[in-house]
Amino acid sequence: MATTQHLRVRFAPSPTGYLHVGGARTALFNWLFARHEKGTLLLRIEDTDVERNRPELVQGILDGLKWLGIEWDEGPFFQSQRLEMYRAAAERLLAGGAAFGCYCKPAAYAGGDAAPGTGEEHAGEGDDEGKALKAAPCPCRDLNDAERAARHSQGIPRAIRFRVPRTGVTHFEDLVFGAREVQNAEIEDFVLLRSNGLPTYQLSVVVDDIDMRISHVIRGADHLSNTPKQVLIYQALGAAAPVFAHVPLILGADRTRLSKRHGATSVGSYADEGFLPEAFRNFLALLGWSPGDDSEFLRTGELIERFSLGGVSRTNAVFDRAKLEWYNTQYLQKPAVEELLPYVEAELKRAGLWEGSQASGDRAWFARAVDLIRPRTRLLGDFTGWARAFFAEDFDYEAEAREKFWKDERVGGMLHKLAGALEALPEFNHDACDAALRGLAGAEGVKAGLLINATRVAIVGRAVAPPLFDTMVVLGRDRVLARLRRAVAALTSA
RNA sequence: GGCGCUAUGGUGCAACGGUUAGCACGCGGCCCUUUCAAGGCUGAAAUACGGGUUCGAUUCCCGUUAGCGCUACCA
């Protein structure tokens with residue numbers, strides 16, 4: 001039925017909050033699907049609720065998508081700029097009899113209060129305790145012309161509701177949940193156009209998806225129950241319904257819907273925390289989707305290549321922060337160092353450690369340093385955190401490190417001698433440093449490990465750091481000697 | 001309340017009538033080792049419950065329970 005050959009999908013967030021992980025995953029699935037099928041992805045901002053919208057949040061959503069590497073081909077389109085189209089569609093449905101004017105007081109319809117618009121009770125027919133199995137039709141649907149005119153002249157606000165058939169079933173195809181059908185009698189006469197002239201989601205989403213020739217609607221499963229209403233609108237508008245694919249929701253650790261109280265839930269906060277976009281993408285893709293086998297580490301190209309809506313699960317998934325972190329370590333480890341450099345550079349700049357650092361002027365050195373540090377990192381912040389000494393001279397000696405490895409009172413003297421021995425080395429490389437240190441340890445009658453650990457604290461300030469001799473070579477003789485002597489001073493003064 | 005969806009270890013996924021129910025994260029142990037990671041090996045840990053159907057159910061059907069969603073002039 002669909003006249004569109006070309007596959008078109010859209011991500012349609014509402015600017016009532018930041019881009020949260022659930023929305024991000026919906027966007028990701030749309031993007032993966034579009035790229036896999038060589039289709040088109042559009043971005044549409046659904047801002048028809050003037051009360052709740054926060055226009056300033058739009059940029060944050062766009063930034064979040066960009067951070068994730070999700071690029072859209074068309075848009076962003078704003079529904080707030082297309083209001084005439086929805087109004088016209090509502091009028092058309094009204095004129096054709098598929099919709100009717102409703103004069104009920106908002107909320108009164110569902111709540112069962114007296115309705116000023118009609119003077120009638122709106123709870124519906126089956127309000128005999130628990131007998132109301134069916135959705136009650138709006139009493140206004142059967143008003144005659146004279147009654148409507150009377151209400152109009154009284155200035156009673158009018159909304160436009162869809163005249164839902166009292167019988168029959170509505171069905172649609174869902175690529176995740178299968179063929180679905182619901183009894184029309186279960187569907188209430190829902191509002192299309194509010195009395196203030198603004199469309200509801202049900203109307204605007206359908207009008208836009210038709211106008212934008214959307215072929216596949218991929219969205220959260222929270223929309224599953226309302227889909228029949230939209231299918232009814234498609235039919236009334238004489239348009240073919242798209243194929244739907246509802247994806248399960250992402251829940252917090254307590255299995256409830258993700259919200260602010262679950263801590264970091266906006267993608268921006270993960271960016272700030274030092275997660276890599278590709279790691280986040282990999283993690284997100286496997287929440288509610290599986291390539292069909294046990295693959296876990298899928299880079300973006302493979303994700304696109306293997307993505308299929310058929311692999312989407314129907315079960316809600318819990319967001320597992322620990323696993324996200326594991327993915328991040330994997331992406332910090334496995335790719336070529338060069339891929340990581342831009343991210344580390346940005347991190348160093350953020351921390352004000354870029355200018356003046358050897359990293360800024362010596363690309364090869366920068367790559368070596370990052371490669372040495374990264375096996376022990378979990379987040380980008382580690383590069384300016386525990387690994388700060390690689391990029392700055394002002395670093396502190398971690399308290400636990402001092403207590404653990406500088407406890408022996410001979411350390412000061414040995415570090416002093418070590419500095420001398422290293423200074424005398426004809427060549428400052430891994431093996432020479434190794435030999436010099438072990439030789440000294442032997443002469444002093446201590447285990448090499450003791451001196452190695454003490455030296456590590458001296459030159460990087462931490463108990464946990466990369467292998468010592470590699471670190472010394474990357475730092476270079478001058479800095480190592482300076483730090484050794486600085487440590488001796490710190491030890492003897494304390 | 002009504003309607004609907006879902007149900008494999010703590011978590012994310014495999015097994016799409018026949019497997020000793022697999023993989024990964026996390027957790028424990030061992031190896032490696034210069035701290036800590038990474039890596040390798042390894043251990044504990046699951047088919048919600050009850051009925052069917054079938055030679056045979058994780059898998060198909062029904063019920064129960066639980067969770068979630070929708071039930072707005074929110075999206």
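Note that the structure is predicted; figures quoted are calculated from it, not measured. Just so you know, these numbers use all the heavy atoms, side chains as well, and skip hydrogens, waters and symmetry mates.
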Nearest to the side chain of [X], which nucleotide is it out of [options]?
X: A:Arg438; options: B:C5, B:G12, B:U34; result: B:U34
X: A:Asn226; options: B:A75, B:A7, B:G69; result: B:A75
X: A:Arg161; options: B:C73, B:G26, B:U35; result: B:C73
X: A:Pro106; options: B:U71, B:A7, B:C73; result: B:C73
X: A:His223; options: B:A75, B:U6, B:U11; result: B:A75
X: A:Ala317; options: B:C36, B:C70, B:G12; result: B:G12
X: A:Phe469; options: B:U35, B:U34, B:A24; result: B:U34
X: A:Ala322; options: B:C25, B:A14, B:G2; result: B:C25
X: A:Arg255; options: B:A75, B:G12, B:A24; result: B:G12
X: A:Gln330; options: B:A7, B:A38, B:G22; result: B:A38

Is it true that [X] and [Y] make a salt bridge, defined as a side-chain N closer than 4.0 Å to a carboxylate O?
X: A:Glu296; Y: A:Lys323; result: yes
X: A:Glu188; Y: A:Arg161; result: no
X: A:Arg87; Y: A:Glu91; result: no
X: A:Arg180; Y: A:Asp174; result: no

Charged tip of A:Arg25 within 45° of A:Phe29 ring normal and under 6.0 Å
yes
Is A:Arg374 reaching over with its side chain to a backbone N or O of A:Gln333, donor-acceptor style, under 3.5 angstrom?
yes
Quantified in whole Å, what is the [atom1] atom distance between nucleotide [N] and nucleotide [M]?
N: B:G50; M: B:C13; atom1: P; result: 26 Å
N: B:G22; M: B:A15; atom1: P; result: 14 Å
N: B:A7; M: B:G43; atom1: P; result: 30 Å
N: B:G39; M: B:A24; atom1: P; result: 11 Å
N: B:U71; M: B:U58; atom1: P; result: 38 Å
N: B:C70; M: B:U54; atom1: C1'; result: 37 Å
N: B:G9; M: B:G1; atom1: P; result: 27 Å
N: B:A46; M: B:A37; atom1: P; result: 28 Å

So, under a plain 3.5 Å distance rule, would you say the side chain of [X] forms a donor-acceptor pair with the base of [N]?
X: A:Arg462; N: B:U35; result: no
X: A:Asp320; N: B:G12; result: no
X: A:Ser195; N: B:C73; result: yes
X: A:Arg52; N: B:A72; result: yes
X: A:Arg376; N: B:C36; result: yes
X: A:Glu296; N: B:G12; result: yes

Heavy atoms under 4.0 Å, any strand shown: does [X] hit a base, just sugar-phosphate, or nothing?
X: A:Ser14; answer: sugar-phosphate
X: A:Gly220; answer: nothing
X: A:Thr256; answer: sugar-phosphate
X: A:Lys229; answer: sugar-phosphate
X: A:Leu468; answer: base

Using OP1 and OP2 only, check whether a side-chain N or O of [X] sits under 4.0 Å from [N].
X: A:Ser290; N: B:A14; answer: yes
X: A:Arg219; N: B:G69; answer: no
X: A:Asn316; N: B:C5; answer: no
X: A:Gln202; N: B:U71; answer: no
X: A:Thr48; N: B:A75; answer: yes
X: A:Arg180; N: B:C5; answer: yes
X: A:Arg378; N: B:C25; answer: no
X: A:Arg456; N: B:U35; answer: no

d([atom1], [X]; [atom2], [N]) in whole Å:
X: A:Asp294; N: B:G22; atom1: CG; atom2: P; result: 11 Å
X: A:Glu400; N: B:C36; atom1: CD; atom2: P; result: 13 Å
X: A:Arg87; N: B:C73; atom1: CZ; atom2: P; result: 19 Å
X: A:Phe297; N: B:G39; atom1: CZ; atom2: P; result: 11 Å
X: A:Phe319; N: B:C13; atom1: CZ; atom2: P; result: 13 Å
X: A:Glu186; N: B:G1; atom1: CD; atom2: P; result: 16 Å
X: A:Arg314; N: B:U59; atom1: CZ; atom2: P; result: 14 Å
X: A:Ile250; N: B:G69; atom1: CD1; atom2: C1'; result: 15 Å

Parallel, tilted or perpendicular: which describes the rings of [X] and [Y], with under 30° parallel and over 60° perpendicular?
X: A:Phe469; Y: A:His430; value: perpendicular
X: A:Phe307; Y: A:Trp289; value: tilted
X: A:Phe244; Y: A:His246; value: parallel

Mapping A:Pro291 and A:Leu193 to their closest nucleotides on RNA chain B, which lands nearer the 5' end?
A:Pro291
Of A:Pro466 and A:Asn53, the one whose nearest nucleotide on RNA chain B sits closer to the 5' end is A:Pro466
Between [X] and [Y], is any side-chain donor less than 3.5 angstrom from a side-chain acceptor?
X: A:Thr300; Y: A:Arg281; answer: yes
X: A:Arg306; Y: A:Ser295; answer: yes
X: A:Asp49; Y: A:Tyr201; answer: no

Using a 3.5 Å limit on both pairing distances, list the dot-bracket string of RNA chain B from the 5' end; Watson-Crick and G-U wobble pairs count, crossing pairs take [ ], interstrand pairs take |.
(((((((..((((....[...)))).(((((.......)))))....(((((..]....))))))))))))....
